Amino acid sequence: MKKLEVFGAAKLKGQIRISGSKNASLPILAATLLSNKKISLANLPRVKDIETMILLLKSLGSIIEDNKKELIIKNTKQAKTFAAYSLVKTMRAGILVLGPLLAKFGKAKVSLPGGCAIGTRPVDIHLQALSKLGVKYKIIQGYVHANAPKGLIGANIKFPKVSVGATENLIIAACLAKGKTTLSNCAIEPEIKDLVNFLINMGCNIKWTAKRTVRIEGVNNLKELDYSVMPDRIEAGTYLIAAALTEGNLKITGIDPKIISTEINILKKVGSKITLRKNEILIQGSKKIKNINIKTSPYPGFPTDLQAQMMVLLCKANKRSHIKEEIFENRFMHVAELNRMGAKISINGNQASIEGNIKFEAAELMATDLRASVSLILAALAAKGKSVINRIYHLDRGYEDIEKKLKKVGAKIKRIN
Ligand code: EPZ
């Protein structure tokens, strides 16, 4: 089992280039199933979830050539429509192939994603909305058996709750539906805008008609395209927090600061000095970190995917802070591990109360999910001595070259088997 050894305390200094966005790449890769034309995708982060999605597409019949710089995808006409549990169970975004398969072939058998450390991860909103496009489905032995005998028919759909995945699945499905579809109460994460941008470049007819409302007109012909996915705002936010935590001085390049303005404003409030440039962010962490109360919410609110990382920073604040997790029902798995490093965090329902003025102590640690594992690295960077983080396969799902990037800015970190 691979582990990470981290020697703290570190003061990060230097430049980090942000990789492509995992959460933009996954829906865009799923959406390539709509097309029979050649598609080339650049700037995909080489992380486990992307590899798994590529395997899933190949299992559905996609011909994929990888020349390391970009992926060239060609879909044969006779693609399969069965997405196996073995592939979907480790990467919940596998459910995103349901929409395109139904749109193109009128049928699909896709494994339910199943739960994970942060929650049950249901897909009821996806399924209810798809049924409004004429899809009939049954759940049999952990699989969604779905079909649309008359093809997908456009409809007006209002999501009962903001859901990133459901919004993505329905936008993709509606691209080939007959007639017009209006989706309201959509999630509007930048990754969804990137997916829409990709689909429009592929020849789909999509228009945002209000902040959370999008209108899609089904089309028959799609075009070849070359596309480069957007940078990863959660990776960028993670490294910004690392600089704030270690009184570091980092230049984060390859990302438009506008898409993480909420996070930047919060880091300014807790005392970091931040300068914004066209495609880069300069951050100087401060000695004195001010406490703050935060709640996670759908974009443009504070992202749940930075909650664990922010919690580590607030352990170093001058006074007590609170974080409310409003998106997932069980996203405090990192708290027990942080408390083993000397943090004093108590949980009451979905609210965490974080004592300030903590000196992290190095320890042997266990990662539980993707973002929790990176929060343990942050704490280990702030702790004096050697920490060891186990089960780092969680980390490899979503952070490209994290040791290389951190080593380059002064961290003493190495992977051991
Ligand atoms: C996406 O997950 C991201 N994953 C998550 O990032 C991110 O945390 C989440 O959006 C919220 O921003 C990808 O983009 C691949 P949701 P998703 O549907 O689509 C409930 C990471 O670390 N819900 O917006 O699954 C759900 O249980 C990952 O990169 C239903 O009840 O999130 C959750 O409580 C973790 N029924 C809430 O809605 C449904 O049908 C938001 O989920 C769907 C969701």
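Given the structure is predicted, the values throughout are model-derived calculations rather than measurements.
A donor-acceptor pair is defined here as one N or O able to donate and one able to accept, closer than 3.5 Å; no such pair exists between the side chain of R212 and the backbone of N185. N291 places no side-chain N or O within donor-acceptor distance of the main-chain N or O of A317, the cut-off being under 3.5 Å. Judged by distance alone, with hydrogens and angles left aside, the side-chain atoms of D194 form no donor-acceptor pair with the main-chain N or O of V229 at under 3.5 Å. The backbone N or O of K268 sits nowhere less than 3.5 Å from a side-chain atom of S272 that would complete a donor-acceptor pair. Between the T262 side chain and the P300 main chain, a donor and an acceptor come within less than 3.5 Å of each other. Not a single donor-acceptor pair under 3.5 Å links the side chain of E263 to the backbone N or O of I266. Looking only at distances, no side-chain donor or acceptor of E400 sits under 3.5 Å from a matching main-chain atom of D396. Using modelled atom types, one side-chain atom of K37 and one backbone atom of L222 make a donor-acceptor pair closer than 3.5 Å. Under a 3.5 Å cut-off, the side chain of R277 and the backbone N or O of L282 do not form any donor-acceptor pair.
A salt bridge is defined here as a Lys NZ or Arg NE, NH1 or NH2 lying under 4.0 Å from an Asp or Glu carboxylate O, and K414 with E403 fails to meet this definition. Taking the charged nitrogens against the carboxylate oxygens, D369 and R371 have no contact shorter than 4.0 Å, which rules out a salt bridge. By the 4.0 Å N-to-carboxylate-O rule, R233 lies close enough to E191 to be salt-bridged with it. Salt-bridge formation is detected for the pair K405/E235: a Lys NZ or Arg NE/NH1/NH2 atom is positioned less than 4.0 Å from an Asp or Glu carboxylate oxygen.
Remark: the E364 side chain and the N390 side chain contain an N/O donor-acceptor pair separated by less than 3.5 Å. Side chains of N147 and Y137: a donor-acceptor N/O pair is absent below 3.5 angstrom, by distance only.
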(request) Could you walk me through whether R331 and D305 pass side-chain contact (heavy atoms from CB on, under 4.5 Å), step by step? (result) CA-CA 9 Å; R331 202 167 196 177; D305 291 350; 2.7 Å; yes

(request) Decide side chain to side chain donor-acceptor pair (under 3.5 Å) for S19 and Y399; before the verdict, give the C-alpha distance in whole Å, the side-chain angles of both, and the deciding distance to 0.1 Å. (result) CA-CA 9 Å; S19 300; Y399 283 92; over 6 Å; no

(request) Evaluate side chain to side chain donor-acceptor pair (under 3.5 Å) for Q309 paired with S375, printing each intermediate quantity in order. (result) CA-CA 5 Å; Q309 301 89 316; S375 75; over 6 Å; no

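Across all non-hydrogen atoms, the minimal contact from Y239 to L250 is O-CD1, 3.5 Å.
For the side chain to side chain donor-acceptor pair (under 3.5 Å) condition, the pairs that include at least one residue of residues 155-176, sequence neighbours left out, are H126-N169, N156-T182.
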